[in-house]
**Q** 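Structure provided below as structure tokens; questions to follow.
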Number of protein chains: 2
Amino acid sequence: MSIMQSLIEIQQKLLPDLLVVMKKRYLILRQVMLSDMIGRRTLAASLEITERVLRAETDFLKSQGLLQIEAGGMRITEEGKKLLDEMEPLYQQMFGLSDLEERIRTRYGLKQVVIVPGDSETSRHTKRELGLAGCAVLRKHMEKDDVVAITGGTTLAQMANQLTTQTPLKGNWFVPARGGLGESMDYQANTLASTMAKRTGAQYRLLHVPDHLGEEAYTTLMQEPNVREIVDVIRSARIVVHGIGDAMVMARRRRLDATFIEALQAEGAHAEAFGYYFDRTGTVVHRMPTIGLRLEDIMATEVVIAIAGGSSKGEAIAAIMQFGHDDVLVTDEAAALEIAALLDREAAISTT
Amino acid sequence: MSIMQSLIEIQQKLLPDLLVVMKKRYLILRQVMLSDMIGRRTLAASLEITERVLRAETDFLKSQGLLQIEAGGMRITEEGKKLLDEMEPLYQQMFGLSDLEERIRTRYGLKQVVIVPGDSETSRHTKRELGLAGCAVLRKHMEKDDVVAITGGTTLAQMANQLTTQTPLKGNWFVPARGGLGESMDYQANTLASTMAKRTGAQYRLLHVPDHLGEEAYTTLMQEPNVREIVDVIRSARIVVHGIGDAMVMARRRRLDATFIEALQAEGAHAEAFGYYFDRTGTVVHRMPTIGLRLEDIMATEVVIAIAGGSSKGEAIAAIMQFGHDDVLVTDEAAALEIAALLDREAAISTT
DNA sequence: TTAACAGGGACACAAAGCGTCCCGCCTGTT
DNA sequence: AACAGGCGGGACGCTTTGTGTCCCTGTTAA
């Protein structure tokens, strides 16, 4: 990695607040240049900041000799132009990801998007960072006595194995979002719920039933008081953390039978999340009774956090975001770029 | 110049206190690491900052996962260690100069030291930067209706030719600190005073008399009302900006006669500033009546700004700083390193 | 000539920053 | 087992800074 990359990364760790200011000033300067000559109020409106804070910034930029203020408005100085030129190639490195975050966030109406640099499919380090970012987001949302429902998967596992806390979360509960899914033990929701709980000093409950059930088995099991009890806890979760998978990959991993997979494919299943299959538009293509979290529970959940990365996951993530009930997306650069490409295509279509 | 230097320069244009904050946080983190585990108050004392601001910083560093806070105090996290490691090789490049500034500042009891990177003897660009830095310092100190006395020399000339202002300084006066010194016209104090005044929309007065005079000529001239008048203005200067020269070089440039130069050499003259010659310890080795600013005027001046650079000037600068009546020193890296070497020698001697 | 819009001044109010002290708790020592 | 010292965190009063919102006067272009 280049020296400069690492300097920027250090700065992002050590002074993220200042970089925000820097971006603001850069954008103001840029806008002034593009506008040739512009007044304070007009500029404030176009940048969507109030007159007063813009004024503070332009006063500053003036004092730095980057723009000059005349009777007819302000314009950029030679020095300011030079700075913009020099900074342009650096902009992407410094703020590229945060721009991407903002773009994805607004498109899908999310509360927050976090993008870690890299591709978690090809880099173990990125995968780890993805997990850490997920932990940070979860920690931020957890409150006293919360119930957190989580799904399985490698990304969630990565997260579980790195989750830490400063103070033990005695009153919190971790529960699996759904039952057993025939996956490897390490990535089972049950396993991860217990791992997370142990690592944070929280409590956990397990759901010892298979996820996909016939109608009859479903009703029978639901009458079991101890099953019923844990299911009620799960469905009351205030926070859900889930991974996102490619529909076909997930179906195969779960060893669903061939006819079912074919049916899914025929229906255009594209993405999988919390046990449901979605097509490109975010519509559920197949629903079945489940002991665990149902769609209606997800919709009612206060905080839904999606975490998934890797360039091949881009489309699947976009599909789930279309579904529209997530609040936070944690992903990596590779997937985010894929998503952005999809947005570009959307935009191209809508203008033709 | 390295890529990184230029990035930092850009950033500093947009965010002048970026490095200050960065350094502060770096030093806190570093101190925490060195102390293994340390409490807030102890740390605040050792870093010489108040408890409250340290607390704000440690809260921040904690939120960034760079240090953790426990009952027994705080300690650095793995991530924090990693950041320190990554940052260490960059430290010199980022803060080397400001450390140097601080060292020189405290040694000579100055209010401010500014060091520009490079060597102004070998690089025109550095010389230009030196001038610009001088301009910035002067601008900062200028107030309404100030009288600014300046000397001659190439460095001052560089400064004069770059001095700019945002708003015309109508009430300010630029005056030469001393009379004509037989130098080239371009570097005469008179010339520079008028240049500065013209460039900033200020006023100026000139002193059309030779600097070195016999007793008789001195008394005669001082009785001339128009001379007397401008001399009074000069001696009332609130700000003095002066260069610093090597004693022998200056003496030759001024075409002083050989016996006088020999006398100076015998007395150990080492440095020259505002027309006086100083030995290594900052003692004036030769004084003569002058029409312009006298030593006692300098001592009484509110703001005395010295500006000089180049590795060969190091010792001369140190000598003038020993004199002890400067408030601000503007120099370059080459000279500063020479000065630092002298300080090292001082320290070595005082410990033996 | 006028209408629109420019920058700068002003001001009240909110928010942030800061120094300082205290308290209950943990820890290491006696 | 008791204790003392030092810890983090809470609190509070004060100052400084930031901010939204006007208004005023000058410039400009229609």
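The shown structure was predicted, so the numbers you read here are calculated from the model rather than taken from an experiment. So you know, we letter chains A, B, ... as the sequences are listed, proteins then strands, and number each from 1. The analysis underlying the following values was restricted to heavy atoms, covering all of them including side chains, and did not include hydrogens, waters or symmetry mates.
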**Q** Are B:Arg25 and A:Asp17 close enough for a salt bridge, meaning some N to O gap below 4.0 Å?
**A** yes
**Q** Please identify which of these residues, A:Val114, A:Leu156, A:Ile150, meets the side chain to side chain contact (heavy atoms under 4.5 Å, CB included) condition with A:Ile307.
**A**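 Among A:Val114, A:Leu156, A:Ile150, the one meeting side chain to side chain contact (heavy atoms under 4.5 Å, CB included) with A:Ile307 is A:Leu156.
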**Q** With sequence neighbours excluded, tell me which residues meet side-chain contact (heavy atoms from CB on, under 4.5 Å) with A:Ser46.
**A**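 side-chain contact (heavy atoms from CB on, under 4.5 Å) list for A:Ser46, sorted by chain: A:Gln31, A:Leu43.
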**Q** Nearest whole angstrom, please: distance from the P of D:dA11 to the CZ of B:Arg55.
**A** 10 Å
**Q** With a 4.0 Å cut-off, would you call A:Lys111 and A:Asp326 a salt bridge?
**A** no
**Q** I'd like to know if A:Glu79 pairs up with A:Lys82 as an ion pair, taking the criterion as any Lys NZ or Arg NE/NH1/NH2 lying under 4.0 Å from an Asp or Glu carboxylate oxygen.
**A**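 Answer for the salt bridge query: no.
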**Q** Taking DNA chain D as the partner, which of residues 12-31 of chain B come within under 4.0 angstrom of it by heavy atom?
**A**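 Contacting residues: none.
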**Q** In whole Å, what is the span from the CD atom of B:Glu57 to the P atom of D:dG9?
**A**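 Taking CD of B:Glu57 and P of D:dG9, I get 15 Å after rounding.
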**Q** List for me each residue that meets side-chain contact (heavy atoms from CB on, under 4.5 Å) alongside A:Glu70, sequence neighbours excluded, and say none if there are none.
**A** A:Met37, A:Gln68, A:Arg75
**Q** How many Å lie between CZ on A:Arg52 and P on D:dT17, as a whole number?
**A** 13 Å
**Q** For B:Gln68 and D:dG8, what is the distance between atoms CD and P respectively, to the nearest whole Å?
**A**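 From B:Gln68 CD to D:dG8 P: 12 Å.
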**Q** For DNA chain D, which residues of residues 34-44 of chain A approach it to below 4.0 angstrom with any heavy atom?
**A**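 Nucleic-acid contacts, sorted: A:Arg41.
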**Q** Can a side-chain donor-acceptor contact be found between B:Gln11 and A:Gln11 if the only test is distance below 3.5 angstrom?
**A**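 On atom types as modelled, these side chains qualify, holding a pair under 3.5 Å.
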**Q** Would you name the heavy atoms of B:Tyr204 and B:Ser194 that are closest together and state the gap between them?
**A**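 For B:Tyr204 and B:Ser194, the tightest heavy-atom pair comes out as CE1-CB, 3.5 Å.
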**Q** Could you say whether A:Thr50 or A:Gly72 is positioned toward the 5' end of DNA chain D, judged by the nucleotide with the nearest heavy atom to each?
**A** A:Thr50
**Q** Tell me, please, the opening and closing nucleotides of DNA chain C, 5' to 3', among those with an atom under 4.0 angstrom from a non-hydrogen atom of chain A.
**A** C:dA6 to C:dA10
**Q** Quick check against the 3.5 Å criterion: does A:Thr77 have a side-chain atom that pairs as donor or acceptor with the backbone of A:Leu66?
**A**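 Yes, the answer is positive, given that a donor and an acceptor are paired below the 3.5 Å cut-off.
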**Q** Sorted by first residue and then second, give each ring pair (Phe, Tyr, Trp, His ring centres under 6.0 Å) pair with at least one member in residues 74-104 of chain B; sequence neighbours left out.
**A**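 Qualifying pairs: B:Tyr26-B:Tyr91, B:Tyr91-B:Phe95.
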**Q** Salt bridge or not between A:Arg238 and A:Asp145? Use side-chain N to carboxylate O under 4.0 Å.
**A**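 Judged by the 4.0 Å cut-off on N to carboxylate O distance, A:Arg238 and A:Asp145 do not form a salt bridge.
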**Q** Name the closest nucleotide to the A:Val53 side chain, picking from D:dT27, D:dA11, D:dT19.
**A** D:dT19
**Q** Take the protein atom CG of B:Asp59 and the nucleotide atom P of D:dG10, then report the distance between them rounded to whole Å.
**A** 9 Å
**Q** Within the 4.0 Å heavy-atom criterion, would you say A:Glu51 contacts the bases, only the backbone, or no part of the nucleic acid?
**A**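 Contact class for A:Glu51: base.
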